[in-house]
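Protein chains get the first letters and strands the later ones, always in sequence-line order, with residue 1 at the start of each.
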Amino acid sequence: MTLDSLELLRRMEAGHADALEQLLERNLPALRCFVRLRCGPEIRAKEESSDLVQSVCREVLSNLDRFQYPSENGFQQWLFLTAARKIKNRYAYYLAAKRDARRERRSSASESADAFAGCYASVCTPSREVAANEQIAEIEAAFDKLPEHYREVILLSRVVKLSSEEIAARMDKTEGAVRVLLCRALARLAERLAPN
Amino acid sequence: MGHTESSEQLSPAGAAFAEFLMRRESGAEPGFEEFCAEHPELRAELRRLHERWSAMMRALDSVVGDATGPRSDEPGPEASPQLGPESDPEDSSGEATLDSAASLLSRLGTTRRDRYSTKREIARGGMGVVYKVWDVDLRRNLAMKVLARGAPERIEPRALSRFLEEAQITGQLEHPGIVAVHELGLDAHGRIYFTMPLVRGKNLQQIIDEVHGAAGDWTLIRALGVIIRVCEAMGYAHSKGVLHRDLKPSNVMVGAFGETHVMDWGLARVLGEADRRDILIVPEAEEVSTELRTVRRDAAETPGSPLVTRDGDVVGTPVFMSPEQAHGWIEEMGPTSDVYSIGAMLYYLLTGRRPFLADDRERSTEAVLKAVKSRVPRPIHELAPSVPVELEAICEKAMGRDPADRYASTMLMAADLRAFLEMRVVSAHDTSTFALLRKWIVRNRWLATASGLAMLSLIGGVILSTTLFFQATEERAFAIEQKRLADIAAATAASERARADRSARRIAAELRSTTIERARLLARAGTAGPAEDLLWRAYLADPHERHALWTLREYYSRQPSLTRWRVAPGRAFAEHLDDERVLSTSSDGVVRLWNLRTAELDREVQAHEGLCCLAVSAAGDRLATGGYEDLAVKIWGLPGLTLAGEVEAHLEGVRAVAWHPNGSRLVSSGGDGVVREWSWPGLSLVREHDAGLGVCFDPTYSPSGRDLAFMSAHGGVHLWSGDAAAPTTVGRKPPIRRGAIAFGAEEGTFFAGSSDGEIHEFHPTTGAARGPFQAWNGTIRDLAVVGAQQRLLAVGYYRLDFWDLAAPGRRYSYHLPAGAAWTASVSPDTKRVAIAADGKRGDGEISVWESHPRAGTYRLDERIPASALAFSPDRRTLCVGDEDGVVHICDAHSGVELRSFRAHRSKLMGMDFNGDGSVLATVAYDAQCHVWHLASQSRLATFDGVMTPTTRPIDLSADAAELACIGPGASAFVVDVQSGHKRAVVPPGAGPKSLSVALLPGGSFAIASNDRRFQIWSAAAEEKAGVPVTGTGVTISVSPDGRRMATGTWSKTIEIIDSETGRVARTLQGHSGTVWDTAFHPTDPNLLASCADDHTVRLWDLSNGQSLVTIDVREEIGNPIKRASTVRFSPDGLTLAAICYNTVLVWDLTYYDRHIAGNLSNQLSRLGPEIPGLDEESLRAWATSVLARPWPRLGFSPGH
């Protein structure tokens, strides 16, 4: 954790809303990426991931008083947990309404890639954007086809950036098992990306 | 999200690639190309995977990298656990490095001209010059290494990257033995430099000169310390994947306070990285090495002179170079090459000569290189005969020609050197029993001396030589002395061998006893695993030896593990099916049904893909399992383990399942943070709750089924009461990794414990709570409330804790030898607990424990204020005399009182049966001794004036014809029971006071008296022998064959006296209070029981005087009683009884054989291969017979 973040957390605790906003902003790219990858094609087809991200931010802002364990990790975990719950609720909602997103999906890799590339906007130079778009569409498509716990471990490790110890706690596995799982998941993802 | 693929099968290339990622992760960084070389058939696919993976990681990291920053503990290209240059580690081509060198240079600012003032040049090499400089800002002297060839733009890129690499490698090695890099920069002339602390002191070269010269204060022993520290520093560097490749005495600096630094990492290389240094010195074919020759012409052609690489770098003198380096096989160089170089330094230190230059002949560098490549150096003992063989062996091992022959790491070499200094056995040298013994004797000289001079005379030469070695190194005289002693030892060795063998056996027995006692202490200190291990090794080495057997029994009395089964490595869970059977699951997804009666596996079934949790219904007819990996909850019929139903329950895996008490419902919780209730049969969803609070742990129904409690990772403790729509949070906890719930007997009360180490009690209606109960090991994995006894059980790392809920301060613990325990399940009869644990040795373990320690101890009815005790010879009854003069005749098997009669009007002080149990003599405070016909309870005779000074005041002969008593004036007499005629009275007049008397075969008798003499009198009342003993004897017991007697004394000793010779055969010491009573075992003449004022009952091995078992009766009773006054074996020798204050304690001496038999199979599979001459077959047969017999043998109602 950087000193900045510590300071922000301290200010946030002291009730400075701008500190929370800054913290949110700092975590936004990762949150966007998390939401995109976590959603799966069904929900992505239904609504913009940015809407979901915004809704997560709104909830976090309004429930600030429930946040209890002020460390940057704690904040991130809370953020991603909120997002995960929200996504699950959406999924249940679409399923219950028998609006099978799988059938309704406007299946379009390019569309999907556009949306995903949105979270790249701040880091990709224009010259690399075209290449990035294709790559991202591929990653996302491959990611969607992974088993749930593979996706989870990649998300937690590569996006949420939890340590293997923290992932072990969240997934209720041993650290060793998490490392094996992560390596297998990454290998599987690489396999999916590199079809014969 | 059920649209994902179900298969997790990776292709062969995918699996190989995952392995590559794992290796990166574990720190054994393989170069990708090297890895590909291991899998040539997959090379193309691996390349493709690697490419896509790198691209993917870059893409992901570029998106999220900003938010949190990289973390060092996760895998991935940006955070390699190994050292490496700043470049992308995926691309190890030279260009990338140069890029990064260039970019690094661009970032380096030019240092202010006045920051450092140069004082003088310290050293100069092919690549750089080292100056002593003064840091003006921080006012300190530093060493500054400057790349000699001018400004960066004029430097050859390869040299520049090497220079930077040296700085980077050294800069990343943080170890007291490695000089740190302070700063990398450009000086005012644009020259690149790095600064380091200035090390003052001597280098190892100078130290070796001092050791072998006349001047200086360095000794060989002190210098060995330097070698050890070099080994440790290199061990650290190797752990970071860095090889030094130029270790030589001049590169080891030792400060004034012994601080040792390994210097000059200019040739260092990061393992797994392509070698960017051209350190080829002599090509294979020497005639083509013109380039080298040209360069080398400048160097002095003298032995030991520096070599120069093709790049002009100065390389260590070839004598310290490993053969593979001398050959130029650079890719074969590994940590063992540095081991070789350290070995060569050790050779130099021991002999005072450099390897291959031992004969002091001038030799060209080329000749030396040739020698390094083709020969071994001259043996050390030829050059320095006084060097201990162990050191020579260490040096030889380190300098093995084949890298595989050397120490695998410098740390192992350091360990051996330390072992030598501490006089333990050196692994490179002899590890035979004799060597172990010899080393042990050196370390324990006093004990060895006590154990016999004979042994010493044989090995005296060795001991003296080693002892003298340490003294004489200072005075240089030891070589001659040692040789002389060695000659003497050799000459006398043959004739002494036989005596030595005997002594060695005796010392080995001592060692064995010491080991067993150490194990006993370890066990008492809570280190159960190693203690159990030591005890089992001792037991298996000789199952008939009493010491190990009894100590093992004693161990299991405190650590009552009945049996242990091994399952797949990793996490395991277990639950009792009934009192005799246990169900387990493990990481292999197999459900196993174990039988406690046979200690074997009854049945198994592959239930899930991976780990699964389990729950047995209250009726014991259904098993529910939930897959951690495959999301399903499955129901199985019991005991057949047939699948009865399944449902996909939780998207992120099932973490726990539990049955409703009436079996009509079950609850599951998952990694998705949802708790769901399912109906049975049918498995349809009844209700669910998604708290969104992380993994939910251990949902548990209350005994009535009304309430459901569970914990969540981020929410704390939740209670779902009755038909409430949603659970309420009743207690908050910081984020937890695991939580456990157990309901108490009182409805609504439950306990919740978690990984924060605290157990809280909840009573949602009244709010009353006890605790918190603090687990001493800091984590709680599972909880249970044990039956009506109201004990709370918590299991965690290495411990099983019980709290007495009636008195929460009272607790006891078991130390689990296995490892991290996951679950604890109490059997329906509450007598046993099944524990599932991560085994310590990489396997899962299911073990079954008794729920109370010392369950083999019983108490007779406590309403009887016992004061005297006797077993009937027919084994059937145990007679207890009480303080009111009543004799209680109790069933010896169950302790139940059969009948009683009043024998005296005052406290009974002694009782003794005749041989067939028909006649009983009693004596009481009323100074009367009655002889009873037991069946009719009629008095056969009464004698007045019988005194009761101690607890063994009378002795009735086997035929009931004679009775020995203590009479008035502390005399002793023998009386004919029928006629009342006193045939012998001693002493006839005034004299010493008799305190205890016993009849011997043939009419003679023995008296213990207060004059510290043990007297044996003939039938004719003539004193046959008066044996001086250590104190006033207060009790006499006679062995069944009449050949030995034991007398306990006020001086806390027990004297064993030979009846025939009248001599003291042995004195047993160990009690710390008056020894009130002793008893010989009826069938084993070498087993004696004793009890004393020190509140202990002990068992002794009379063959060697060893104390076998010490029973602290305060622990057994939980009372602060002082005295254990009477002790008796049952006639079959299987039971021991003692009066402790007013309570009769009964021990089943075979009780813990059940534990030994139950654990035998597991221990045999672990230790069997290491025990020579093990008779496995008969041990297994014994265990089978023990497991087959009824247990527990005695039918006493529980004593606890």
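Here the closest heavy-atom approach between residue A/E191 and residue B/G14 is recorded as OE2-CA, 3.1 Å. Nearest heavy-atom pair across B/L10 and A/R188 is CD2-CD, 3.3 Å. Contact detail for B/M22 and A/R179: the closest heavy-atom pair is SD-O, 3.6 Å.
Atom CH2 of residue B/W53 and atom CG of residue A/L189 lie 11.5 Å apart, to the nearest 0.5 angstrom. Rounded to the nearest 0.5 Å, atoms CG (A/L182) and CG (B/L21) are 8.0 Å apart. Atom NE2 of residue A/H149 and atom CG of residue B/L631 lie 8.5 Å apart, to the nearest 0.5 angstrom.
Using modelled atom types, no side-chain atom of B/R738 and backbone atom of A/A169 make a donor-acceptor pair closer than 3.5 Å. The backbone N or O of B/L651 sits nowhere less than 3.5 Å from a side-chain atom of A/E148 that would complete a donor-acceptor pair.
Residues B/E629 and A/K173 are in side-chain contact: their nearest non-hydrogen atoms beyond the backbone lie under 4.5 Å apart. No side-chain heavy atom of A/R184 sits under 4.5 Å from any side-chain heavy atom of B/E19.
Residue contact with chain A, scored on non-hydrogen atoms closer than 4.5 Å, involves the side chain of B/D690 exclusively.
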